[in-house]
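A short write-up of the structure that comes next.
Computed from heavy atoms alone, side chains included, the values below leave out hydrogens, waters and symmetry copies. Just so you know, these numbers come straight off a predicted model, no measurement behind them.
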Amino acid sequence: MANISELIEVGWREWVALPELGLHAIKAKIDTGAKTSALHASSVERIRADNRDRVRFVMHPLQRSETPTIQCEADLLDVRDVTDSGGHKESRLVIETPLKVGEHSWPVQITLTDRKGMRFRMLIGRRAMVGRIVVNPKASYCVGKLNPTALYNARR
C-alpha cells in the first residue's frame, strides 16, 4: 500500500484518458461506491483476431454528444456479472487498458456498458484507485482541465 503522500489527489470528477483506445479526454466520475470501473460503449461485438478473443466497440467520449465517434478495440479479459447502483444485474465484457490521470498512468480493468443516459461516460471504481489515488470529495479537476473538443479535432 502506498504512503498517502505518494497518492494522486483527485476530485469527485476528473478528466482522464485511455490512450491505447484512442480516448484522449473523458470526463469521469470518481466513484468510491463502485467496485469496478465502467466505460460507455455501443455497437459492442466480440471478435477473434490473431488467435485472441477481442472486443470492438464505439465510444462517444463527450457528454451529451454523439461526436466524435471513436472506434475502439481491445483484448477481452473476462465476462462478469455486475450489479449496478439500481440493483440490476448485467453481464459485461471486461477489458484491461492503461488509465491516464494527469501525468500518471497504470493498467485498469474496465467493464463495457451502455451509459448513454448517464451524466458521465466513465466511472472509475475502487479497484482502479487502490494504492494510486485519494479522493477529495469537495474538489473537481485536481489534475487539470482539458479542452476535449480541441484534442479530438487535432487528432482527425
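The closest donor-acceptor contact from the side chain of Q109 to the backbone of T36 lies at 3.5 Å or more, if one exists at all. Remark: the backbone N or O of T32 is paired with a side-chain donor or acceptor of R126 at under 3.5 angstrom. Side-chain N or O atoms of W106 include none that pairs as donor or acceptor with a backbone N or O of V101 at under 3.5 Å. No side-chain donor-acceptor contact under 3.5 Å links E66 to the backbone of H60. Between the T113 side chain and the R115 main chain, no donor and acceptor come within less than 3.5 Å of each other.
The line from CE of M118 to CD of Q63 is 11.5 Å long, rounded to the nearest 0.5 Å. In this structure, the separation between CZ on R80 and NZ on K89 is 14.0 Å, given to the nearest 0.5 Å. For the atom pair CD1 of I70 and CD1 of I26, the computed distance is 9.5 Å after rounding to the nearest 0.5 Å. Taken to the nearest 0.5 Å, the OG atom of S37 stands 9.5 Å off from the CZ atom of R127. Between the OG1 atom in T111 and the CG atom in D81 there is a gap of 11.5 Å [rounded to 0.5 Å]. Of the inter-residue distances, the one linking K100 atom NZ with H24 atom NE2 reads 10.0 Å to the nearest 0.5 angstrom.
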Quick one, M59 with R121, criterion side chain to side chain contact (heavy atoms under 4.5 Å, CB included). Give me CA distance, side-chain angles, the key distance, then yes/no.
CA-CA 9 Å; M59 171 44 163; R121 298 288 167 105; 3.8 Å; yes
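By the rule that hydrophobic residues join a cluster once side-chain heavy atoms approach within less than 4.5 Å of another member, L123 and L93 end up as members of separate clusters. Using a 4.5 Å cut-off between side-chain heavy atoms of Ile, Leu, Val, Met, Phe, Trp and Tyr, with links allowed through other members, V135 and V143 fall into the same hydrophobic cluster. No continuous path of hydrophobic side-chain contacts links I47 to L112 [ILVMFWY only; heavy atoms under 4.5 Å].
Contacts of S140 classified as side chain to side chain donor-acceptor pair (under 3.5 Å), with partners at least two apart in sequence or in another chain: W12, R13.
For the pair I110 and M122, the tightest heavy-atom approach, listed with the atom from each and the gap, is CD1-CE, 3.8 Å. Residue G11 comes nearest to I30 through the heavy atom pair O-CG1, 3.1 Å, listed as atom of the first residue, atom of the second, then distance. Smallest separation of non-hydrogen atoms from A38 and R92: CB-NH1, 3.8 Å. Closest approach of S105 to P98, counting heavy atoms only: OG-CB, 3.7 Å. What you find for S43 and V58 is that their closest heavy atoms are CB-CG2, 4.0 Å. Closest approach of A41 to V44, counting heavy atoms only: CB-CG2, 3.7 Å.
For the side chain to side chain contact (heavy atoms under 4.5 Å, CB included) with E96, the lone residue among L76, L77, V108 that qualifies is L77. Paired with I8 under the rule side chain to side chain contact (heavy atoms under 4.5 Å, CB included), one option of M129, H104, E14 passes, and it is H104.
Salt-bridge check for R52 with D75: passed, with a basic side-chain N closer than 4.0 Å to an acidic carboxylate O.
No side-chain heavy atom of D31 sits less than 4.5 Å from a side-chain heavy atom of F120. Inter-residue side-chain proximity for K27 and Y141 is flagged as met; some heavy-atom pair is nearer than 4.5 Å. Here the side chains of I95 and L21 are in contact, with some heavy-atom distance below 4.5 Å. Using a 4.5 Å heavy-atom threshold, the side chains of R48 and D53 count as touching.
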